[in-house]
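Treat the numbers as computed from the prediction; the structure is a model and nothing was measured.
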Amino acid sequence: MIYISNYIIPTIILIVIIFGMLEKIEIFNTFCDGAKEGLKIAVMMFPTLLGVFICIGMLKNSGIIEKSVNLLRPLSLLFCIPTEIIPMIIIKPLSGGASLAMATDLMVKYGVDSKIGMLAATIMSSSETTFYVIALYLNSVHIKNNRNIFIPAIIADLVSIIVALLIIK
(Lines give C-alpha, C1' and ligand atoms only; values in the text may rest on other atoms or scores of the structure.)
Protein backbone atom coordinates (compact mmCIF):
# COMPACT_ATOMS: atom_id res chain seq x y z
CA MET A 1 0.00 0.00 0.00
CA ILE A 2 1.33 3.43 -0.93
CA TYR A 3 0.94 6.29 1.54
CA ILE A 4 1.50 9.89 0.51
CA SER A 5 2.84 10.60 4.00
CA ASN A 6 5.92 8.50 3.19
CA TYR A 7 6.89 11.02 0.53
CA ILE A 8 6.13 14.35 2.22
CA ILE A 9 9.38 14.84 4.17
CA PRO A 10 11.67 13.73 1.31
CA THR A 11 9.73 16.01 -1.06
CA ILE A 12 10.11 19.00 1.27
CA ILE A 13 13.86 18.32 1.60
CA LEU A 14 14.18 18.08 -2.17
CA ILE A 15 12.28 21.36 -2.65
CA VAL A 16 14.55 23.11 -0.12
CA ILE A 17 17.68 21.81 -1.87
CA ILE A 18 16.41 22.82 -5.32
CA PHE A 19 15.38 26.27 -4.07
CA GLY A 20 18.75 26.71 -2.38
CA MET A 21 20.60 25.75 -5.56
CA LEU A 22 18.49 28.12 -7.67
CA GLU A 23 19.09 30.98 -5.22
CA LYS A 24 22.81 30.07 -4.96
CA ILE A 25 22.59 29.57 -1.19
CA GLU A 26 25.23 27.50 0.58
CA ILE A 27 22.76 24.90 1.83
CA PHE A 28 25.03 22.92 4.14
CA ASN A 29 26.51 26.00 5.82
CA THR A 30 23.04 27.46 6.29
CA PHE A 31 21.90 24.16 7.78
CA CYS A 32 24.88 24.13 10.18
CA ASP A 33 24.19 27.74 11.24
CA GLY A 34 20.55 26.84 11.92
CA ALA A 35 21.59 23.76 13.91
CA LYS A 36 23.96 25.88 16.04
CA GLU A 37 21.18 28.40 16.72
CA GLY A 38 18.75 25.58 17.58
CA LEU A 39 21.26 24.12 20.03
CA LYS A 40 21.68 27.52 21.73
CA ILE A 41 17.90 27.77 22.11
CA ALA A 42 17.68 24.22 23.50
CA VAL A 43 20.40 24.97 26.08
CA MET A 44 18.64 28.21 27.04
CA MET A 45 15.28 26.43 27.52
CA PHE A 46 16.65 23.37 29.35
CA PRO A 47 16.24 24.74 32.92
CA THR A 48 12.59 25.57 32.23
CA LEU A 49 11.92 22.12 30.75
CA LEU A 50 13.66 20.46 33.68
CA GLY A 51 11.53 22.43 36.15
CA VAL A 52 8.30 21.52 34.33
CA PHE A 53 9.24 17.82 34.21
CA ILE A 54 10.18 17.79 37.91
CA CYS A 55 6.83 19.40 38.81
CA ILE A 56 4.93 16.84 36.75
CA GLY A 57 6.86 13.99 38.39
CA MET A 58 6.16 15.40 41.85
CA LEU A 59 2.45 15.73 41.06
CA LYS A 60 2.19 12.19 39.77
CA ASN A 61 4.18 10.61 42.61
CA SER A 62 2.82 12.65 45.51
CA GLY A 63 -0.78 11.47 45.22
CA ILE A 64 -2.10 15.00 44.67
CA ILE A 65 -3.87 13.93 41.48
CA GLU A 66 -5.79 11.16 43.25
CA LYS A 67 -6.70 13.54 46.08
CA SER A 68 -7.84 16.12 43.52
CA VAL A 69 -10.01 13.51 41.80
CA ASN A 70 -11.63 12.63 45.14
CA LEU A 71 -12.15 16.34 45.87
CA LEU A 72 -13.70 16.97 42.43
CA ARG A 73 -15.85 13.81 42.45
CA PRO A 74 -19.03 15.57 43.69
CA LEU A 75 -18.60 18.28 41.06
CA SER A 76 -18.01 15.71 38.33
CA LEU A 77 -21.14 13.79 39.35
CA LEU A 78 -23.15 17.02 39.35
CA PHE A 79 -22.08 17.86 35.78
CA CYS A 80 -22.07 14.22 34.55
CA ILE A 81 -18.31 14.21 33.94
CA PRO A 82 -16.86 10.70 34.12
CA THR A 83 -14.42 10.65 37.04
CA GLU A 84 -12.03 8.55 34.94
CA ILE A 85 -11.32 11.59 32.76
CA ILE A 86 -10.46 14.00 35.60
CA PRO A 87 -6.77 13.01 35.98
CA MET A 88 -6.25 13.71 32.28
CA ILE A 89 -7.98 17.08 32.62
CA ILE A 90 -5.67 17.97 35.53
CA ILE A 91 -2.47 16.89 33.74
CA LYS A 92 -3.28 18.28 30.25
CA PRO A 93 -2.30 21.92 31.04
CA LEU A 94 1.05 20.67 32.35
CA SER A 95 2.17 17.91 30.01
CA GLY A 96 1.01 16.85 26.58
CA GLY A 97 2.93 13.57 26.77
CA ALA A 98 1.55 12.53 30.14
CA SER A 99 -2.01 13.48 29.18
CA LEU A 100 -1.64 11.62 25.86
CA ALA A 101 -0.56 8.51 27.77
CA MET A 102 -3.59 8.88 30.05
CA ALA A 103 -5.92 9.38 27.06
CA THR A 104 -4.45 6.30 25.37
CA ASP A 105 -4.98 4.25 28.52
CA LEU A 106 -8.60 5.44 28.73
CA MET A 107 -9.22 4.54 25.09
CA VAL A 108 -7.64 1.11 25.48
CA LYS A 109 -9.63 0.42 28.65
CA TYR A 110 -13.03 1.83 27.60
CA GLY A 111 -12.77 1.85 23.79
CA VAL A 112 -12.37 4.69 21.35
CA ASP A 113 -16.11 4.80 20.63
CA SER A 114 -17.11 4.99 24.28
CA LYS A 115 -18.18 8.25 25.88
CA ILE A 116 -14.94 8.32 27.89
CA GLY A 117 -12.80 7.61 24.81
CA MET A 118 -14.49 10.28 22.71
CA LEU A 119 -14.32 12.76 25.57
CA ALA A 120 -10.60 12.08 26.07
CA ALA A 121 -9.92 12.54 22.34
CA THR A 122 -11.96 15.75 22.17
CA ILE A 123 -10.28 17.27 25.23
CA MET A 124 -6.83 16.28 23.93
CA SER A 125 -7.46 17.94 20.59
CA SER A 126 -9.16 21.09 21.87
CA SER A 127 -7.04 22.08 24.86
CA GLU A 128 -3.45 23.18 25.24
CA THR A 129 -0.52 22.34 27.50
CA THR A 130 -0.93 25.81 28.96
CA PHE A 131 1.68 25.91 31.74
CA TYR A 132 4.26 24.12 29.61
CA VAL A 133 3.80 26.50 26.67
CA ILE A 134 3.73 29.63 28.83
CA ALA A 135 6.81 28.59 30.81
CA LEU A 136 8.77 27.55 27.76
CA TYR A 137 7.95 30.36 25.35
CA LEU A 138 7.95 33.24 27.80
CA ASN A 139 11.27 32.10 29.21
CA SER A 140 12.76 31.82 25.73
CA VAL A 141 11.91 35.48 24.98
CA HIS A 142 12.77 36.61 28.53
CA ILE A 143 9.32 37.84 29.60
CA LYS A 144 9.18 37.88 33.40
CA ASN A 145 5.78 39.49 34.08
CA ASN A 146 3.44 36.74 32.92
CA ARG A 147 0.59 36.94 35.43
CA ASN A 148 -1.78 38.48 32.90
CA ILE A 149 -1.35 35.50 30.58
CA PHE A 150 -2.30 32.69 32.97
CA ILE A 151 -5.92 33.65 33.68
CA PRO A 152 -7.08 33.90 30.04
CA ALA A 153 -5.16 30.72 29.22
CA ILE A 154 -6.81 28.76 32.04
CA ILE A 155 -10.22 30.16 31.06
CA ALA A 156 -9.58 28.99 27.49
CA ASP A 157 -8.72 25.51 28.79
CA LEU A 158 -11.89 25.41 30.91
CA VAL A 159 -14.01 26.55 27.95
CA SER A 160 -12.47 23.83 25.76
CA ILE A 161 -13.31 21.20 28.38
CA ILE A 162 -16.88 22.48 28.78
CA VAL A 163 -17.40 22.55 25.00
CA ALA A 164 -15.96 19.02 24.73
CA LEU A 165 -18.42 17.84 27.38
CA LEU A 166 -21.31 19.50 25.56
CA ILE A 167 -20.29 18.07 22.20
CA ILE A 168 -19.90 14.52 23.47
CA LYS A 169 -23.09 14.70 25.56
With the 4.5 Å side-chain cut-off for hydrophobic clustering, are [X] and [Y] part of the same group?
X: Leu50; Y: Met58; value: yes
X: Val159; Y: Ile151; value: yes
X: Ile167; Y: Val112; value: no
X: Val133; Y: Phe150; value: yes
X: Leu72; Y: Leu78; value: yes

Any non-hydrogen side-chain atom of [X] less than 4.5 Å from a side-chain atom of [Y]?
X: Leu94; Y: Thr129; value: no
X: Ser68; Y: Ile86; value: no
X: Leu14; Y: Phe19; value: no

By side-chain contact (heavy atoms from CB on, under 4.5 Å), which residues pair with Phe79, not counting sequence neighbours?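 Per chain and number, Phe79 pairs via side-chain contact (heavy atoms from CB on, under 4.5 Å) with Leu75, Ile81.
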
Return the minimal non-hydrogen interatomic distance between [X] and [Y], and the atom names on each side.
X: Lys92; Y: Ile123; result: CE-O, 4.3 Å
X: Glu66; Y: Gly63; result: OE1-CA, 3.0 Å
X: Pro82; Y: Leu119; result: CD-CD2, 3.7 Å
X: Gly117; Y: Met107; result: O-CE, 3.8 Å
X: Ser99; Y: Ile91; result: N-CG2, 3.7 Å
X: Ser160; Y: Ser126; result: CB-O, 3.3 Å

Report yes or no: do Thr130 and Asp157 form a side-chain donor-acceptor pair below 3.5 Å?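 Checked: Thr130/Asp157 side chains pair up, N/O donor to acceptor below 3.5 Å.
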
Between Arg73 and Asn70, is a side-chain contact (heavy atoms from CB on, under 4.5 Å) present by the stated rule, with each step listed? CA-CA 5 Å; Arg73 190 176 310 277; Asn70 290 334; 2.9 Å; yes

Heavy-atom count check: over 12 atoms from other residues, nucleotides or ligands less than 6.0 Å from Ile8 CD1?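 For Ile8, atom CD1 is crowded (more than 12 foreign heavy atoms under 6.0 Å).
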
Atom pair SG (Cys32) and CD (Glu37), whose distance is rounded to the nearest 0.5 Å: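 That separation rounds to 13.5 Å.
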
Once you round to the nearest 0.5 Å, how far does NZ of Lys115 lie from CG of Leu165?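 Lys115 NZ to Leu165 CG: 7.5 Å, rounded to 0.5 Å.
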
side-chain contact (heavy atoms from CB on, under 4.5 Å) assessment of Met124 paired with Met88: CA-CA 9 Å; Met124 285 298 296; Met88 190 193 77; 4.0 Å; yes

